[in-house]
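Heads up: the structure comes next, in structure tokens.
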Amino acid sequence: DIQMTQSPASLSASLGETVTIQCRASEDIYSGLAWYQQKPGKSPQLLIYGASSLQDGVPSRFSGSGSGTQYSLKISSMQTEDEGVYFCQQGLKYRTFGGGTKLELK
Amino acid sequence: EVQLVESGGGLVQPGRSMKLSCAASGFTFSSFPMAWVRQAPTKGLEWVATISTSGGSTYYRDSVKGRFTISRDNAKSTLYLQMNSLRSEDTATYYCTREELGGFDYWGQGVMVTVSS
């Protein structure tokens with residue numbers, strides 16, 4: 001099974017700050033990676049698919065990059081509404097999620 | 001507007017069965033693979049099962065193989081999850097999701113399943 005490891009587990013950022021979350025796969029997943037945001041009490045929302053494609057309706061301050069086993073999600077200017085938990089997910093072999101990164105406003 | 005509405009959750013004793021349903025609307029249901037994803041209280045997300053557009057292919061995580069069955073009725077635009085031999089570790093919110101390009105692009109509101117005596 002492909003294992004997904006996210007880092008950090010939690011972080012806090014100030015308004016306007018750039019935030020980066022990392023995700024590492026246990027083997028090459030050939031850009032088969034998605035990112036989600038989940039707010040308390042809500043269902044997850046797809047942000048990025050195919051490692052770098054922005055889902056319709058998602059603000060352009062979100063971006064994804066990476067290849068092979070290393071991927072990252074960047075928020076270019078932290079906003080209040082960006083607080084939540086972020087998950088990565090591989091879609092190459094079955095489906096596996098990372099453990100999540102809790103993002104808070106400093 | 002895409003909508004996925006789950007039903008059928010609740011409290012069930014260990015070893016018993018429960019069936020979840022997901023009514024889909026706002027898109028051509030038969031054109032998309034569908035999946036169930038669960039989340040235990042205060043925990044992360046865990047993929048449970050996926051079914052192909054026709055229902056001819058199904059995939060499960062190891063911990064539910066042989067106990068859970070995913071199915072669909074394209075005429076009714078409805079997804080199902082039959083859960084047998086339930087265990088305490090199956091306690092979670094279960095989300096119905098639409099699969100697209102290797103990810104899950106639409107999610108239902110979730111339905112809680114609690115396995116306890």
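So you know, we letter chains A, B, ... as the sequences are listed, proteins then strands, and number each from 1.
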- To the nearest 0.5 Å, how far apart are CD in Glu100(B) and CD in Gln55(A)?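 The CD atom of Gln55(A) is 8.5 Å from CD of Glu100(B), to the nearest 0.5 Å.
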- Query: Looking at CD of Gln39(B) and CZ of Phe87(A), how far apart are the two atoms once the value is rounded to the nearest 0.5 Å?
  - Reply: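 The CD atom of Gln39(B) sits 5.5 Å away from the CZ atom of Phe87(A).
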- Note on the structure: residues 57-94 of chain B vs chain A, non-hydrogen distance cutoff under 4.5 Å, contacting residues -> Tyr59(B), Asp62(B)
Kindly work out whether a path of hydrophobic side-chain contacts (I/L/V/M/F/W/Y, heavy atoms less than 4.5 Å apart) joins [X] to [Y].
X	Y	answer
Tyr86(A)	Leu105(A)	yes
Phe97(A)	Leu92(A)	no
Val2(B)	Met34(B)	yes
Tyr95(B)	Phe27(B)	no
Tyr36(A)	Val85(A)	yes

- Does Arg16(B) have any side-chain contact (heavy atoms from CB on, under 4.5 Å) partners at least two apart in sequence or in another chain, and if so, which? Val12(B), Gln13(B)
- Take Phe104(B) and Tyr49(A) through the side-chain contact (heavy atoms from CB on, under 4.5 Å) test and state the conclusion after the steps. CA-CA 9 Å; Phe104(B) 307 105; Tyr49(A) 62 92; over 6 Å; no
Indicate every side-chain donor-acceptor pair of residues 39-48 of chain A with a distance under 3.5 Å to a residue at least two apart or in another chain.
unit_1, atom_1, unit_2, atom_2, d
Lys39(A), NZ, Glu81(A), O, 2.8
Ser43(A), OG, Gly108(B), O, 2.6

- Against chain B, label Asp1(A) side chain, backbone, both or neither, depending on which of its atoms sit under 4.5 Å from a heavy atom there. side chain
- Message: Looking at every non-hydrogen atom in both residues, tell me the closest pair between Gly103(B) and Ala34(A) and how far apart they are.
- Response: CA-CB, 4.5 Å
- Task: Using a cut-off of 6.0 Å, state whether more than 12 heavy atoms not belonging to Phe32(B) lie near its atom CZ.
- Result: yes
- Might you work through the side-chain contact (heavy atoms from CB on, under 4.5 Å) test for Gln89(A) and Leu45(B), ending with a clear yes or no? CA-CA 9 Å; Gln89(A) 171 249 317; Leu45(B) 299 170; over 6 Å; no
- Residues forming a side chain to side chain donor-acceptor pair (under 3.5 Å) with Ser21(B), sequence neighbours excluded: none
- Test ring pair (Phe, Tyr, Trp, His ring centres under 6.0 Å) applied to Tyr94(A) and Trp47(B), step by step: CA-CA 8 Å; Tyr94(A) 298 114; Trp47(B) 167 77; 5.6 Å; yes
